[in-house]
Amino acid sequence: MARILITSALPYINGVKHLGNLAGSMLPADVYARFKRAQGHEVLYICATDEHGTPAELAAAAAGQDVFTYCEEQHAIQHRIGRGFGLSWDWFGRSSSPQNRELTQHFAEVLEDNGFIEERTDRMIYSIEDKRFLPDRYVEGTCPHCGYRPARGDQCDNCGRLLDPTDLIDPYSTISKSTNLEVRETRHLYLLQTKLEPQIRQWVDSKTEWPSLARSIAYKHLDEGLIDRGITRDLAWGVPVTRGGQPRTGFEDKVFYVWFDAPIEYIAATREWAEATGGNWESWWRTDKGAGHVRYVEFMGKDNVAFHTVSFPATIIGSGEPWKLVDTLKAFNWLNWYGEKFSTSQKRGVFMDTALELQPADNWRWYLTANCPEGSDSAFTWEQFQSAVNRDLADVLGNFVNRILKFNETRFDGVVPAGGEPGALERKLEADLSAALADLTAQLEAMELRKSAQALRGIWVLGNEYLTEAAPWTAIKTDPARAAAIVRTGLNLVALFARISAPFIPFASEKIADAVGEPYPGDWPSANAAKELGRLEPGRPVRAPEVLFRKLEDSQIEAWKAEFAGVS
Ligand SMILES: [Zn+2]
């Protein structure tokens, strides 16, 4: 038994997330966590909302709330929706927690003690009307290169050149539209990533087992040369800046930048979990206190890879303290909506709250796992969604479970029948099934989500093919013992399907397990199919479940296509 720490990238607090956010980190992390728990490992799956920064402040103001209340409400909403999708977080924390404040301040202090932080003077745009310094993306104006307006403070969308907001001609605040701006000097803390580069490179060199996508992104950033990064901002909402445990002189109105404190929340959320449950957070994170034997797996979108392979490790490595670093990363590309971006303002695409109102969580989970943006970007289409629900779930899995249990009720009084011996068909099934189970397990071990879903579907198909060929409804007329052996095999397949489907479609799997009197969640099966199919003892009462999956009509699909296509 191993100890496995799993984190998925932290969703930002501002607004309900779309299906791509779910498919590209939280859902695959959940599938993997459920699989590992079923194998009997000790798993801790941690996630949290990322709550600090200017967007949260502005969203709160727009909602007429103070930022603390706003974040509290939004966190509760994201928590509820995540649970609705069956995300089996052991803890869903908040980066605004006292635990994160303490740890963030701790890391900054030790980094400075070790010579990796220094104060520098920046020149930044200050908006007199907004009474705040403006982050780059909140300043717009005319591009000095091509004359395009409005060009953003960080980049011109027309000519593509990277900009500094002080380059813009006739700049204005995107918050208030005010042009009453001035350049002011302001002091900030910088994390000296240039000094840490050799240590980070040495560490990445040692990570030969990382997927090539993660390694290549890490090396790209290292080869381009790391830059020193400002880790404080002139803001009110965030972790206060300290030195020697006291407010840092000259930094009373500043906080740590959200990118500095957000990943530390992985650790802090574990501490939140420990304080709520009596767990031991240090045994997951401190290699001198038991975390040396922990395997740490991170799930994220591809835009977050540099952050997790270079930036956050710079904080950890620079501390000089024995904190756990990531062992394996799993990164995803983008899921888009018919080739376009999801957009709240343009009403394009389905967001997580609406998704649960339209369809059961398992339908989304199955579609999004089987079609996740793994090797490349992928596009959501309603046609594929309909096919995943109707063909895979309803026709293959649902139909199998229903068919065998209904037949058993009619012919064997709803109990697992005794009598009969396995024959040639069962031996062939066992051989095929053993190979398929080994494949499914191997794909999940490798975190190959699409291939895992294919392997699982292949096993459901094996069950259907077996039942069609064995035809107990024919055998019952001439050889009741033979029919009993077939039905017993079929019922054992049902029990097996509940166990292996649970990481993907937990809600339906629980109903299936319940139908055959099996515990849920069950343990993960071996690749010895003969043994796994001998699980249900004759005489055990079983019953057909309620309808597991409802098919989607073409008319419904057409209506949804129109409703969520977006306005342009
Ligand atoms: Zn331009």
Side-chain angles (χ1 to χ4, degrees), residues 12 14-15 18 20-21 53-59 61-62 120-186 188 190-191 193-194 216-217 220-235 257-259 301-307 310-311 333-349 376-377 379 566-568:
Y12 195 68
N14 180 7
H18 61 65
N21 300 124
T54 309
E57 279 192 340
L58 296 179
R120 292 181 185 175
T121 301
D122 283 342
R123 286 160 52 82
M124 287 190 67
I125 305 269
Y126 185 84
S127 167
I128 292 158
E129 192 153 318
D130 297 309
K131 297 188 186 63
R132 61 161 72 227
F133 282 94
L134 296 178
D136 295 357
R137 51 190 277 211
Y138 291 99
V139 190
E140 290 178 355
T142 302
C143 174
H145 305 290
C146 72
Y148 176 75
R149 187 177 179 87
R152 282 180 295 125
D154 52 353
Q155 188 171 22
C156 172
D157 279 339
N158 187 51
C159 68
R161 279 191 231 214
L162 297 180
L163 300 175
D164 186 285
T166 55
D167 299 338
L168 293 169
I169 300 161
D170 299 330
Y172 60 92
S173 158
T174 64
I175 301 168
S176 61
K177 308 296 174 198
S178 169
T179 55
N180 193 7
L181 310 180
E182 63 185 27
V183 176
R184 285 190 185 178
E185 290 199 338
T186 175
H188 281 297
Y190 272 75
L191 177 60
Q193 296 192 135
T194 46
S216 64
I217 292 175
K220 177 173 173 289
H221 282 260
L222 288 166
D223 292 345
E224 284 171 358
L226 300 184
I227 54 164
D228 298 336
R229 307 248 348 227
I231 59 165
T232 52
R233 288 293 184 271
D234 293 280
L235 276 183
Y257 185 27
V258 60
W259 81 253
K302 62 184 170 187
D303 59 325
N304 261 324
V305 172
F307 199 77
V310 177
S311 304
N333 294 281
W334 304 138
L335 177 77
N336 54 46
W337 190 262
Y338 287 89
E340 293 190 86
K341 280 186 181 168
F342 286 79
S343 166
T344 316
S345 59
Q346 295 180 33
K347 297 184 174 18
R348 187 187 304 117
S376 60
D377 290 353
V567 291
S568 49

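Just so you know, ligand 1 is whichever comes first in the structure, and atom 1 is the first atom listed for that ligand. No hydrogens, no waters, no symmetry mates; every other heavy atom, side chains included, goes into these values.
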- Is it true that D157 and R152 make a salt bridge, defined as a side-chain N closer than 4.0 Å to a carboxylate O? yes
- Measuring to the Zn ion (ligand 1), does H145 have an N/O/S atom at a distance below 2.8 Å? no
- With rounding to 10 degrees, C156 SG, the Zn ion (ligand 1) and C146 SG define an angle of 110°
- Query: Taking Y12 for the side chain and A56 for the main chain, is one N or O donor matched with an acceptor at less than 3.5 Å?
  - Reply: yes
- Message: Would you call the rings of F307 and W259 parallel, tilted or perpendicular, taking 30° and 60° as the class edges?
- Response: perpendicular
- Query: Can R123 and D164 be counted as an ion pair, charged N to O under 4.0 angstrom?
  - Reply: no
- Which angle, to 10 degrees, forms at the Zn ion (ligand 1) with SG of C159 on one side and SG of C143 on the other? 110°
